[in-house]
Amino acid sequence: MCYDEQIISAYVDGELEEPLHTEVQEHMESCTYCRSTQAEYRSVKELFLAVSKNPIHDTIAGPQAKARVWQQIQRKTRRETAHNFWHRQIQVPLPLAAGVMAAVAVLVFTLIFNPFSSGIFSSDKSDAPLALRDDNNIPEIPTNYPASKNSMPELEQLLRFLSDQGAAVEVKIQLPSSSKIQISGEPQLLRAADFRRSGE
Amino acid sequence: MKLNMVFPTLLILLGLIQPLFSQNPNGASSEELEEALRYLQDKALEVEIHARLIGKDRENVWNTESRKITVSGKSISITLQGENLVVSAHILPFLNEGGSIFLVAKGEVWVQQSPGQEKKYYSTVKSLPIKPGESVIFFPTGVLMDTEENDVHTIELEIQVEPLE
């Protein structure tokens with residue numbers, strides 16, 4: 001029975017203890033295959049011993065060769081790292097992966113194309129859709145008006161919507177405190193031209 | 001699943017859900033919204049209001065003005081707060097097909113002639129067909145042509161309504 005390579009390697013290195021060392025030695029004398037394996041290990045060992053006695057970094061070409069080898073190792077490692085990242089296998093249950101992807105897609109789309117917010121990024125927000133703006137008193141345009149699907153909304157529908165918003169256009173005027181107003185009869189609505197003509 | 005498959009899959013999903021976002025929650029597309037806004041703009045009216053206090057010999061003792069935008073059929077409320085009364089005038093303009101304007105004015109007055117007296121309430125509705133830009137005067141407390149007293153005043157609201165340019 002032949003010994004395995006680890007035992008032969010240990011035998012070559014002189015690391016086997018008795019009685020195994022003697023048994024292997026006796027086997028070597030009769031086994032050609034094990035003898036050749038032993039010869040291979042021995043030659044490798046001698047090569048290592050020769051290199052250690054005359055190390056490569058002591059020669060003139062040593063530093064250059066070392067740098068070249070180091071560059072190649074770095075280049076290969078970098079390429080493999082990038083390659084491995086994109087081809088990395090990730091284990092995610094399919095329903096979870098689909099859910100996460102859908103959520104991400106919805107989020108991205110909402111952030112980019114949100115038509116309902118006068119923007120997520122807009123600072124001019126108001127709870128009342130038709131609240132008056134301070135700058136020029138132009139009512140803000142409602143974004144959720146009650147449009148029918150197939151036809152333009154009717155005026156009544158729009159007015160009802162505007163009324164429902166409770167956003168009446170109001171002007172408040174404080175009269176001078178010293179003024180005393182007299183009720184002089186029924187309220188009147190007259191054309192200015194007619195009134196001025198009658199006063200002349 | 002490999003990471004290099006994640007982004008193409010996301011793009012495909014985005015394409016699939018995009019139609020869901022092309023309409024607003026009430027089912028109105030952006031075209032319908034634009035059409036409705038154009039419709040609103042066509043019906044928009046600009047109302048200019050000059051409020052005046054008129055005293056003895058029709059002297060203008062105080063005035064203020066305001067400019068508001070509304071749509072046909074939507075009222076503008078003007079509240080005047082005085083020492084002995086509160087006047088609330090509601091100006092309701094309707095834009096007719098031919099471009100003329102039908103103006104409805106509702107006046108509400110809460111008045112206390114002197115301290116300790118009970119408060120009185122008056123309410124009236126008046127209407128007048130007018131041309132765009134024509135001036136009308138609303139007298140919520142009645143017309144006072146002249147008075148002998150120096151500290152007695154009447155209120156005039158001069159109103160001009162024009163389609164919004």
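Quick note on labels: first sequence line is chain A, next is B, and so on, each numbered from 1.
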Solution key, residues 119-128 of chain B side-chain donor-acceptor pairs under 3.5 Å, sequence neighbours excluded:
from	atom 1	to	atom 2	distance (Å)
Tyr121(B)	OH	Glu108(B)	OE2	2.6

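Val12(A) and Leu47(A) sit in two unconnected hydrophobic clusters of ILVMFWY residues. Membership requires side-chain heavy atoms under 4.5 Å apart, directly or through other members. Neither Trp110(B) nor Leu80(B) shares a network with the other; the hydrophobic side chains, linked directly or stepwise wherever heavy atoms of I, L, V, M, F, W or Y lie under 4.5 Å apart, form separate groups for each.
Of the listed residues (Leu164(B), Ile159(B), Val109(B), Ile76(B)), the one with the most heavy-atom contacts under 4.5 Å to chain A is Ile76(B). Chosen from Leu103(B), Ile155(B), Ile130(B), the residue pairing most often with chain A at heavy-atom distances under 4.5 Å is Ile155(B). Ranked by heavy-atom pairs under 4.5 Å with chain A, the first of Val87(B), Thr154(B), Val111(B) is Val111(B). Taking chain A as the reference chain and counting heavy-atom pairs below 4.5 Å, the highest number among Thr64(B), Ile78(B), Thr141(B) is found for Thr141(B). The most heavy-atom pairs under 4.5 Å with chain A, out of Val136(B), Ile91(B), Ile49(B), come from Val136(B).
Side chain to side chain, Thr22(A) and Glu18(A) meet the donor-acceptor criterion of an N or O pair below 3.5 Å.
Proximity to chain A (any heavy atom under 4.5 Å) is restricted, for Glu156(B), to the side chain, taken from C-beta onward. Of the atoms belonging to Leu85(B), it is side-chain heavy atoms, and not backbone ones, that fall under 4.5 Å from chain A. Residue Val61(B): no heavy atom, backbone or side chain, is found under 4.5 Å from chain A.
Not a single ring pair (Phe, Tyr, Trp, His ring centres under 6.0 Å) links His50(B) to another residue, sequence neighbours left out.
In this structure, the ring of Tyr11(A) has its center no less than 6.0 angstrom from the ring center of Tyr3(A).
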